[in-house]
Each structure stands twice: as structure tokens, then as C-alpha cells.
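Have a look at the structure below before the remarks.
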Amino acid sequence: MPDFDGINIGDEMPVLRKEPLDQIWLVKYAGASGDFNPLHYMEEVGRAAGHGGVIAHGMLIMGFMGQAVTDWIPNRCLKSFRVRFVRMTRLGDAITVTGRITGKKVTGGRGVISGEVEAADQNGEVKAAGTFEAWIPLG
Amino acid sequence: MKNKADLAGKKLPAYSFAVERGKIREFAAAIGDMKEIYLNPERAALAGYPDVVAPPTFGTVINLWGGMGFIEMCDYLNLDKVRVLHGGQEYEYLGDIVAGDVITVATTVSSCEEKRNMYVLTLESSYVNQRNEEVLRCRHIVLELK
């Protein structure tokens, strides 16, 4: 990543493109995270809840967003990360994560940048939107 | 559902979770984020970590494997699990979480608001390691549709 002076408001994060989600993704995420809400793996439960089938874990989508942010900024620099889940992600959806820098400042002799990050599907429909802040060493 | 306002201020039982290399690897693989610092202790050491480090959303693993599962949490908070959705999640990173750590979590329902078509609960958690250092704070926004 660039140093503090090289980061400018409006800079775009490298885009992260994930493969279309199939049931294996949801089963693996359920086991790894411990989120066994049946909405995520039982078709009839998803349908009865009015979702038309299974839906992906919101936290899986946030995981993709965290991957995109830390592909660009070292993990240790991350100061905060906040996400709102906007729409359901369904089987077959291919998530793309984009983001950009929205602010930079120096506080207490340390650089802090802020950014926004979005996860959208193959049709550009936003599934989750969030913000992050990161400590960036001054040059 | 009546008496939801009483949920504000309610504490969930505290719990501890031992962070293991294998769980970090499993979680990284489930997201498809195979950074070496999550998988390889030598590479993590080169990056200045004492062991492999947890990805940014690993707090959810600590919650769900260390504390109550989703269904238990719904029962404890008197929520109808079929109507529950995850509204959002916020993390504030205060330190590293690495394999070998034992993390103790305290969670409180900080607010419960009634909206037109749903209840919005905010659960705030503080994660403290075995050296009594607070390493993570989390706000978990739970929606229960009416």
C-alpha cells in the first residue's frame, strides 16, 4: 500500500471479485463461524421465512469485505470496520467488493484514513455497505 | 412481542474461548481469504505476530463457538428466530488476536428500539485476552421483524 502522503481522497481500493456462491460456501461458513441458523442451509426454512430459498450469512459477506480491505491495508493498521446488511445474498450471487478513501487526517502524530466499502452482486445490487478507519504510518 | 424494552441493559453470560491455529485456518478457508499470516506461523512471525493472527471478522467465531449459539441466543433474549435478521456489525480493533490467546467476552444488550415494522437490538461485546488487554469491541445489530 502507499504511504500516508501517497493516499488521496477518492482513491479506489483494488476490486475483489468472488466466485458465485454455492451451498458448499454456506455450509463451510456455518461450520467455521458456528452460525447454524437454518435459514442458511435449509431451503424450506428460507422459503417459509419469505426469502424464496436459502440466504447467505451476512457475516460471510462482511468477511469478503474484510478480505478486500486487508488485501490493501495491513491487518494491524485496521482501527474500525462497520457494515450494514442491506439486501439478502442468494445462491448463485457473485459478490464484488469495491471501496474508496473518503478522508485522511493526522491525530496525535499518527495518520488515520477513512474509507467506504461495498459488496454488490453480479447485477450491481448492493448487499452490504460499510466504512473503515485505518492507522497509516506517516512517511 | 411484549416487554422488549426490558431487554436493554440485560447481560449475557460471560464466556472464554481459546483461539487455535486450526480454527483460524478453517475460518480463513470458509471466507476464501488465504493470507499467509492466517495460515503459517513463520510468516506471521515475519510480520511481527507471535502466532497466526485472526481475520477481522473472527470475533463472530468467538461469539458463536465460545458463547451462545444463534438459537440459544434467540431463546435467551426471547426472540422469534425465524424473524431474526442480522442488521449490521461493527468492530473496533484495539489489539491483535492470535492463536494461543484465551479471549473472555462480556456482552450487554445496550439498546432495544421499536420501529414501525421491527425491533432493533444492539449487543455490545468487549473481548479481553489472557493478559487482561482489551483487544476488540463489537456492536452486533439484531433485527426482529414484526
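The model shown is predicted, which means the values in this text are computed figures rather than measured ones. By convention in this document, chain letters (A, B, ...) are assigned in the order of the sequence lines, proteins followed by strands, and residues within each chain are numbered from 1.
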Any heavy-atom pair between the side chains of A:Phe64 and B:Ile31 that's under 4.5 Å? yes
Using the rule that two of Ile, Leu, Val, Met, Phe, Trp, Tyr join whenever any of their side-chain heavy atoms come within less than 4.5 Å, decide whether A:Phe81 and B:Leu94 are in one cluster. no
Closest contact, heavy atoms only, B:Ile71 versus A:Pro38: CD1-CD, 4.5 Å
Count I, L, V, M, F, W, Y as connected when their side-chain heavy atoms are under 4.5 Å apart, and connections chain through other members. Are B:Val82 and B:Val84 then in the same cluster? no
Check whether A:Met88 gets within reach of chain B through its side chain, its backbone, both or neither, counting any heavy atom under 4.5 Å. side chain
Check each atom of B:Leu143 against the heavy atoms of chain A and say whether the ones under 4.5 Å are side chain, backbone, both or neither. neither
Under 4.5 Å from any heavy atom of chain A, what part of B:Leu136 do you find: side chain, backbone, both or neither? neither
Could you look at B:Ala47 and say if it's the side chain, the backbone, both or neither that has a heavy atom under 4.5 Å from chain A? backbone
Hey, any chance B:Ile62 and B:Leu64 share a hydrophobic cluster, counting ILVMFWY side chains that come within less than 4.5 Å of each other, even indirectly? no
Test of understanding: clusters of I, L, V, M, F, W, Y form through side-chain heavy atoms closer than 4.5 Å, transitively. Do A:Leu60 and A:Phe36 belong to the same one? yes
Where A:Leu78 and B:Pro56 come nearest, the two heavy atoms and their spacing: CD2-CB, 4.0 Å
Report yes or no: do B:Val128 and B:Val61 belong to one cluster of Ile/Leu/Val/Met/Phe/Trp/Tyr joined by side chain heavy-atom distances under 4.5 Å? no
Around atom CG of A:Leu138, are there more than 12 heavy atoms from other residues, nucleotides or ligands closer than 6.0 Å? yes
With 3.5 Å as the limit, can you list every donor-acceptor pair between chain B and chain A, backbone and side chains included?
{"unit_1": "B:Lys23", "atom_1": "NZ", "unit_2": "A:Gly31", "atom_2": "O", "d": "3.3"}
{"unit_1": "B:Lys23", "atom_1": "NZ", "unit_2": "A:Ala32", "atom_2": "O", "d": "3.1"}
{"unit_1": "B:Ile31", "atom_1": "O", "unit_2": "A:Lys18", "atom_2": "NZ", "d": "3.0"}
{"unit_1": "B:Gly32", "atom_1": "O", "unit_2": "A:Lys18", "atom_2": "NZ", "d": "3.4"}
{"unit_1": "B:Gly32", "atom_1": "O", "unit_2": "A:Gln67", "atom_2": "NE2", "d": "3.2"}
{"unit_1": "B:Lys35", "atom_1": "NZ", "unit_2": "A:Gln67", "atom_2": "O", "d": "3.4"}
{"unit_1": "B:Lys35", "atom_1": "NZ", "unit_2": "A:Thr70", "atom_2": "OG1", "d": "3.1"}
{"unit_1": "B:Lys35", "atom_1": "NZ", "unit_2": "A:Asp71", "atom_2": "OD1", "d": "2.8"}
{"unit_1": "B:Tyr38", "atom_1": "OH", "unit_2": "A:Asn75", "atom_2": "ND2", "d": "2.9"}
{"unit_1": "B:Gly48", "atom_1": "O", "unit_2": "A:Arg76", "atom_2": "NH2", "d": "3.2"}
{"unit_1": "B:Trp65", "atom_1": "NE1", "unit_2": "A:Gly31", "atom_2": "O", "d": "3.1"}
{"unit_1": "B:Trp65", "atom_1": "NE1", "unit_2": "A:Ala32", "atom_2": "O", "d": "3.3"}
{"unit_1": "B:Gly87", "atom_1": "O", "unit_2": "A:Phe85", "atom_2": "N", "d": "2.9"}
{"unit_1": "B:Gln89", "atom_1": "N", "unit_2": "A:Val83", "atom_2": "O", "d": "2.9"}
{"unit_1": "B:Gln89", "atom_1": "O", "unit_2": "A:Val83", "atom_2": "N", "d": "2.8"}
{"unit_1": "B:Glu90", "atom_1": "OE2", "unit_2": "A:Arg84", "atom_2": "NH1", "d": "3.2"}
{"unit_1": "B:Glu90", "atom_1": "OE2", "unit_2": "A:Arg84", "atom_2": "NH2", "d": "3.0"}
{"unit_1": "B:Tyr91", "atom_1": "N", "unit_2": "A:Phe81", "atom_2": "O", "d": "2.7"}
{"unit_1": "B:Tyr91", "atom_1": "O", "unit_2": "A:Phe81", "atom_2": "N", "d": "2.9"}
{"unit_1": "B:Tyr93", "atom_1": "N", "unit_2": "A:Lys79", "atom_2": "O", "d": "2.9"}
{"unit_1": "B:Asp96", "atom_1": "OD2", "unit_2": "A:Arg76", "atom_2": "NE", "d": "3.1"}
{"unit_1": "B:Asp96", "atom_1": "OD2", "unit_2": "A:Arg76", "atom_2": "NH2", "d": "2.8"}

Intermediate values then yes/no, side chain to side chain contact (heavy atoms under 4.5 Å, CB included), B:Leu85 and A:Phe85: CA-CA 9 Å; B:Leu85 292 172; A:Phe85 302 111; over 6 Å; no
